[in-house]
Amino acid sequence: MKTARAWPLNVKDFLIMSGSRHRPHLKRPVWIIVLVTFVIIFLLTAYVYPPTSSAACYIFSSKDCTLYNQPPTFPTRELSDDETISHVVIKEILKTPTPVSKNPKIAFLFLTPGTLPFEALWAKFFHGHEDRFSVFVHASREKPVHTSHYFMGRDIHSEKVVWGKISMVDAERRLLAHALLDPDNQQFVLLSDSCVPLHNFDYVYNYLMLTNVSFIDCFVDLGPHGTGRYTDHMMPEVERNDFRKGSQWFSIKRQHAIIVMADSLYYTKFRLYCKPNMDGKNCYADEHYLPTFFNMIDPGGIANRSVTYVDWSEGKWHPRSFRAQEITFELLKNLTSIEESIHFTSDPKRRVISGPCLWNTMKRPCYLFARKFYPETLNRLMMHFSNYTSV
């Protein structure tokens with residue numbers, strides 16, 4: 001309380017002191033004029049040089065820090081023929097309204113080595129909403145054995161996927177291509193075999209359908225596992241300042257899915273120059289291609305966060321995996337109520353970048369799904385599902 005009263009008291013003391021010295025009346029507003037001038041200069045500077053940190057962004061911006069109205073910033077240098085063609089196509093797609101579907105659906109894209117251990121849980125999630133979703137399964141190692149009718153007959157042509165290589169991105173594009181064949185699919189969610197739903201279907205459907213951004217994770221990591229993976233071979237199309245990092249588990253709108261299909265220029269750059277043991281560095285295309293690409297071509301159209309929870313707090317090569325004994329109602333309910341997105345960087349200071357999760361400018365829970373869960377957790381997840389997914 002003393003701190004709260006300090007400023008008013010100082011102002012009062014200042015006025016009393018001014019009066020006791022019988023200063024001319026016209027000089028008394030000088031301090032006010034100086035203060036107002038300083039504030040104006042400060043605000044103009046913030047406007048001309050927009051905040052680059054997440055903390056500053058949420059202080060100065062009255063809107064969502066995804067910057068919905070921020071236009072793509074294409075290079076001012078002379079472009080190559082391939083770049084010109086790419087930019088024309090992307091601009092045309094972005095300015096073309098997506099056809100309105102009478103029955104908009106979410107496409108759930110499962111990227112898995114084989115059998116999906118949580119089909120029973122997903123069946124419980126899907127039940128009763130058969131006309132509002134579609135399922136696509138890319139099994140990279142072996143043909144999956146399905147236990148739920150929601151997944152039977154939903155396997156697409158699949159190829160081998162090697163962790164950390166461009167084949168991971170190829171599988172994502174393959175899933176998107178098949179899902180785009182259905183014009184009713186308006187949102188596309190990429191999920192792994194270790195993913196589980198955190199909310200009921202209605203909540204997830206409204207969360208994704210009633211906003212106009214794609215949930216693509218995207219942040220700056222100046223450390224060796226971020227910008228340190230960049231190579232000058234990506235020049236001139238991809239500059240170091242454009243390079244971004246993020247989780248591969250996206251949820252994107254149809255317009256953006258079409259752009260991913262249309263892109264060959266930037267995809268080729270990452271196929272050739274973002275791979276393990278490239279110039280002595282380990283670059284993983286699935287962590288960098290889409291975040292960098294969309295940061296360049298439509299930064300205002302992405303939320304810069306994923307809707308799939310992953311725990312990287314242990315600082316290892318792979319995220320934390322949950323065992324059966326860890327699955328409690330309290331754990332699951334806590335995951336559903338997280339309202340702050342956290343990114344762990346690899347710079348020397350191990351900075352943690354955090355910020356509120358905004359949905360249509362309103363603070364909302366961040367996550368709709370979570371990973372990684374061992375198959376042994378299925379029974380406990382089934383037991384708690386109706387309770388932890390209740391709104």
Side-chain angles (χ1 to χ4, degrees), residues 66 68-74 79 82-111 132-138 154 156-159 166 168-191 205 207-218 237-238 242 244 246-271 285-286 288-304 306-307:
T66 52
Y68 290 109
N69 299 316
Q70 181 179 339
T73 54
F74 294 116
L79 303 180
D82 287 341
E83 283 181 288
T84 301
I85 294 170
S86 176
H87 292 177
V88 167
V89 171
I90 290 169
K91 284 182 177 180
E92 286 299 313
I93 295 173
L94 286 175
K95 74 180 185 181
T96 302
T98 302
V100 178
S101 169
K102 294 182 180 179
N103 182 36
K105 297 189 294 187
I106 300 175
F108 291 87
L109 317 177
F110 288 88
L111 184 58
R132 296 199 289 169
F133 72 90
S134 54
V135 171
F136 300 86
V137 180
H138 184 291
R154 305 310 303 164
I156 69 168
H157 168 74
S158 306
E159 298 286 347
I166 196 67
M168 186 75 77
V169 175
D170 293 337
E172 295 172 7
R173 288 162 61 97
R174 201 172 290 121
L175 281 163
L176 284 173
H178 280 79
L180 280 166
L181 291 173
D182 183 346
D184 288 333
N185 287 330
Q186 299 296 306
Q187 292 285 341
F188 305 79
V189 181
L190 183 68
L191 300 160
Y205 186 88
Y207 195 108
L208 297 180
M209 288 296 187
L210 299 181
T211 190
N212 194 36
V213 297
S214 290
F215 293 94
I216 297 175
D217 199 26
C218 178
E237 293 86 354
V238 181
D242 297 323
R244 295 293 186 272
S247 167
Q248 74 180 102
W249 309 108
F250 58 70
S251 175
I252 62 177
K253 58 184 182 178
R254 187 175 184 88
Q255 184 185 53
H256 283 163
I258 293 172
I259 289 176
V260 173
M261 293 293 94
D263 175 52
S264 62
L265 175 64
Y266 297 97
Y267 164 79
T268 301
K269 281 288 180 177
F270 280 86
R271 178 174 60 82
D286 58 281
H288 298 285
Y289 166 54
L290 290 183
T292 301
F293 179 50
F294 280 99
N295 176 67
M296 294 177 65
I297 62 105
D298 191 19
I302 64 174
N304 296 320
S306 173
V307 287

Point-to-point distance, once rounded to the nearest 0.5 Å, from [atom1] of [X] to [atom2] of [Y]:
{"X": "Met261", "Y": "Arg173", "atom1": "CE", "atom2": "CZ", "value": "5.0 Å"}
{"X": "Leu109", "Y": "Trp249", "atom1": "CG", "atom2": "CH2", "value": "10.5 Å"}
{"X": "Phe270", "Y": "Asp286", "atom1": "CZ", "atom2": "CG", "value": "11.5 Å"}

In chain order, what residues pass the side chain to side chain donor-acceptor pair (under 3.5 Å) check against [X], with sequence neighbours excluded?
{"X": "Tyr207", "value": "Arg305"}
{"X": "Asn185", "value": "Ser134"}
{"X": "Glu172", "value": "Gln248"}
{"X": "Asp82", "value": "none"}

Residues two or more places apart in sequence or in another chain: which of them pass salt bridge (Lys or Arg N to Asp or Glu O under 4.0 Å) with Arg132?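 Arg132: salt bridge (Lys or Arg N to Asp or Glu O under 4.0 Å) contacts with Asp202.
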
With sequence neighbours excluded, what pairs up with Lys269 under the salt bridge (Lys or Arg N to Asp or Glu O under 4.0 Å) test?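 With neighbours one apart ignored, the set is Glu237.
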
Under 3.5 Å, is there a donor on one side chain and an acceptor on the other for Asp184 and Ser101?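 The answer is yes; a qualifying pair exists.
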
We want to know whether Tyr289 and Asp263 form a side-chain donor-acceptor pair, criterion being a heavy-atom distance below 3.5 angstrom.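 Looking only at side-chain atoms, Asp263 and Tyr289 do form a donor-acceptor pair, the distance falling under 3.5 Å.
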
Non-neighbouring partners of [X] that pass side-chain contact (heavy atoms from CB on, under 4.5 Å), sequence neighbours left out:
{"X": "Ile93", "answer": "Val89, Gln255, Ile258, Ile259, Ala262"}
{"X": "Arg271", "answer": "Ile166, Tyr267, Thr268"}
{"X": "Leu181", "answer": "none"}

Residue pair Asn295 / Cys218: nearest heavy atoms and the distance that separates them: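 For Asn295 and Cys218, the tightest heavy-atom pair comes out as CB-SG, 4.0 Å.
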
Can you run down the salt bridge (Lys or Arg N to Asp or Glu O under 4.0 Å) pairs that involve residues 93-106, sequence neighbours left out, and say none if there aren't any?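 Salt bridge (Lys or Arg N to Asp or Glu O under 4.0 Å) check on residues 93-106 returns Glu92-Lys95, Lys105-Asp182.
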
Taking ring pair (Phe, Tyr, Trp, His ring centres under 6.0 Å) as the test, write out the residues that go with Phe294, two or more places apart.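 With sequence neighbours excluded, Phe294 shows a ring pair (Phe, Tyr, Trp, His ring centres under 6.0 Å) to His256, given in chain and number order.
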
Taking ring pair (Phe, Tyr, Trp, His ring centres under 6.0 Å) as the definition, give me every residue that meets it alongside Phe110, ordered by chain and number, with sequence neighbours left out.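 Scan of Phe110 (ring pair (Phe, Tyr, Trp, His ring centres under 6.0 Å), adjacent residues dropped) gives Trp122, Phe151.
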
